[in-house]
J.: 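Structure below; questions to follow.
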Amino acid sequence: MSNNPQYEKIWKVVQLIPQGKVASYGQVADLAGLPGRARLAGKCLGYVPKDGINGKPVPWFRVLRSSGQLAFPLGSDSFERQRSLLMDDGIFVKGKSVSIKQYGWKPDLGEILFLLDN
DNA sequence: CGCCTGACTGAGG
DNA sequence: CCCTCAGCCAGGC
């Protein structure tokens, strides 16, 4: 499962999200070359290796719903964990969501393609 | 093959 | 901003 090639593509894309920015499950899936598989993106983030991959961490907490909401139920342990990590990142979590206008990641396609090939 | 379950989405009301 | 619903797709049984 954690050696699923599709998972690895998704994790690599997530590693490109800069600190202080957030992306949606669907956006990550698209960039990983897996359009229409937002749910898969969410699922595999639950299997992120604790020590990251290629020696780098996988910032799973920077991935949210397209609406800006965290995917976990408000108040759950997972929710609180993600919220604090986002705050550490300098991202303000208002209620159950984050402002996409303010923190949304708008990557340069050329850059993404280059980085993913390396 | 059917049926159900998700860290999902977009459109509607 | 809330909720509902149809679509979505991978997995498990």
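FYI, side chains are in, hydrogens and waters are out, and symmetry mates aren't considered; it's all heavy atoms of this structure. Lettering follows sequence order; numbering is per chain, from 1.
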J.: Can you tell me the distance, in whole Å, between the OH atom of Y47(A) and the P atom of dA10(C)?
T.: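 Atom-to-atom, Y47(A) to dA10(C), this comes out as 15 Å.
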J.: Between Q69(A) and P35(A), which residue's closest nucleotide on DNA chain C lies nearer the 5′ terminus?
T.: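 Upstream on the strand: Q69(A).
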J.: Specify the separation, in whole Å, of atom CG of L31(A) and atom P of dC8(B).
T.: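 In whole Å, dC8(B) P lies 18 Å from L31(A) CG.
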J.: Evaluate the criterion side chain to side chain contact (heavy atoms under 4.5 Å, CB included) for residue pair L45(A) and W11(A); output intermediate values, then yes/no.
T.: CA-CA 7 Å; L45(A) 287 185; W11(A) 292 337; 4.1 Å; yes
J.: Using the C1' atom as the point on both nucleotides, what is the distance between dA7(B) and dC13(C), in whole Å?
T.: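 After rounding to an integer number of Å, I get 22 Å for this pair.
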J.: So S67(A), base contact, sugar-phosphate only, or nothing? Heavy-atom distance under 4.0 Å.
T.: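 Nothing, no nucleic acid heavy atom in range.
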J.: State whether R37(A) places a side-chain N or O below 4.0 Å from either non-bridging phosphate oxygen (OP1 or OP2) of dA10(C).
T.: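 For dA10(C), OP1 or OP2 has a side-chain N or O of R37(A) closer than 4.0 Å.
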J.: Just wondering, do L31(A) and I10(A) contact through their side chains at under 4.5 Å, heavy atoms?
T.: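 Contact flag for I10(A)/L31(A) side chains = no.
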J.: Just by distance, do the side chain of N4(A) and the backbone of Q6(A) share a donor-acceptor pair under 3.5 Å?
T.: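 Here the side-chain-to-backbone pair exists.
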J.: What integer distance in Å separates L70(A):CG from dA7(B):C1'?
T.: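 One finds 10 Å between C1' of dA7(B) and CG of L70(A), rounded.
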J.: What is the distance from CG of D30(A) to C1' of dC9(C), rounded to the nearest Å?
T.: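 Distance, rounded to whole Å: 14 Å.
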J.: What's the CD1-P distance between I10(A) and dG6(B), to the nearest Å?
T.: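 The answer, rounded to whole Å, is 19 Å.
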J.: Return the pairing partner of dA7(B) with a 3.5 Å limit on both distances, Watson-Crick or G-U wobble; otherwise return none.
T.: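 Matched dA7(B) with nothing under the 3.5 Å cut-off.
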J.: Looking only at side-chain N and O atoms, does S24(A) come under 4.0 Å of OP1 or OP2 in dC8(B)?
T.: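 Result: no.
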J.: Using a 4.0 Å heavy-atom cut-off across all strands, classify G26(A) as base, sugar-phosphate, or nothing.
T.: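 Sugar-phosphate, backbone atoms only, no base.
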J.: What integer distance in Å separates L34(A):CG from dC8(C):C1'?
T.: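 My rounded result for the distance is 14 Å.
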J.: Less than 4.5 Å apart, any side-chain heavy atom of K96(A) and any of R83(A)?
T.: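 The answer is no; the side chains never approach within 4.5 Å.
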J.: For a quick test of reading the model: is some side-chain N or O of S78(A) closer than 4.0 Å to OP1 or OP2 of dA7(B)?
T.: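 Answer no for this pair, as no side-chain N or O of S78(A) is under 4.0 Å from OP1 or OP2.
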J.: With a 3.5 Å distance limit and no angle check, can you tell me whether Y103(A) reaches the backbone of F92(A) through a side-chain donor-acceptor pair?
T.: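 Yes; judged by distance alone, with no hydrogens or angles, the pair exists.
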J.: Under 4.0 Å: is that the gap between some side-chain N or O of S66(A) and OP1 or OP2 of dC8(B)?
T.: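 No, no such contact exists.
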J.: Using only side-chain N and O atoms of N4(A), determine if any of them is under 4.0 Å from OP1 or OP2 of dA10(C).
T.: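 No, because none of the side-chain N or O atoms of N4(A) sits under 4.0 Å from OP1 or OP2 of dA10(C).
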J.: Between dC1(C) atom P and L74(A) atom CG, what is the distance in whole Å?
T.: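 The distance from CG of L74(A) to P of dC1(C) comes to 14 Å, rounded to the nearest Å.
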J.: Grab the NZ-P distance between K43(A) and dC8(C) for me, whole Å please.
T.: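 It is 19 Å, rounded to the nearest whole Å.
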J.: Measuring only the P atom in each nucleotide, how far is dC8(C) from dG12(B)? A whole number of Å is fine.
T.: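 Between the two P atoms, the distance is 16 Å.
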J.: Touch check for R39(A), heavy atoms < 4.0 angstrom, all strands: base, sugar-phosphate only, or nothing?
T.: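 Result for R39(A) = base.
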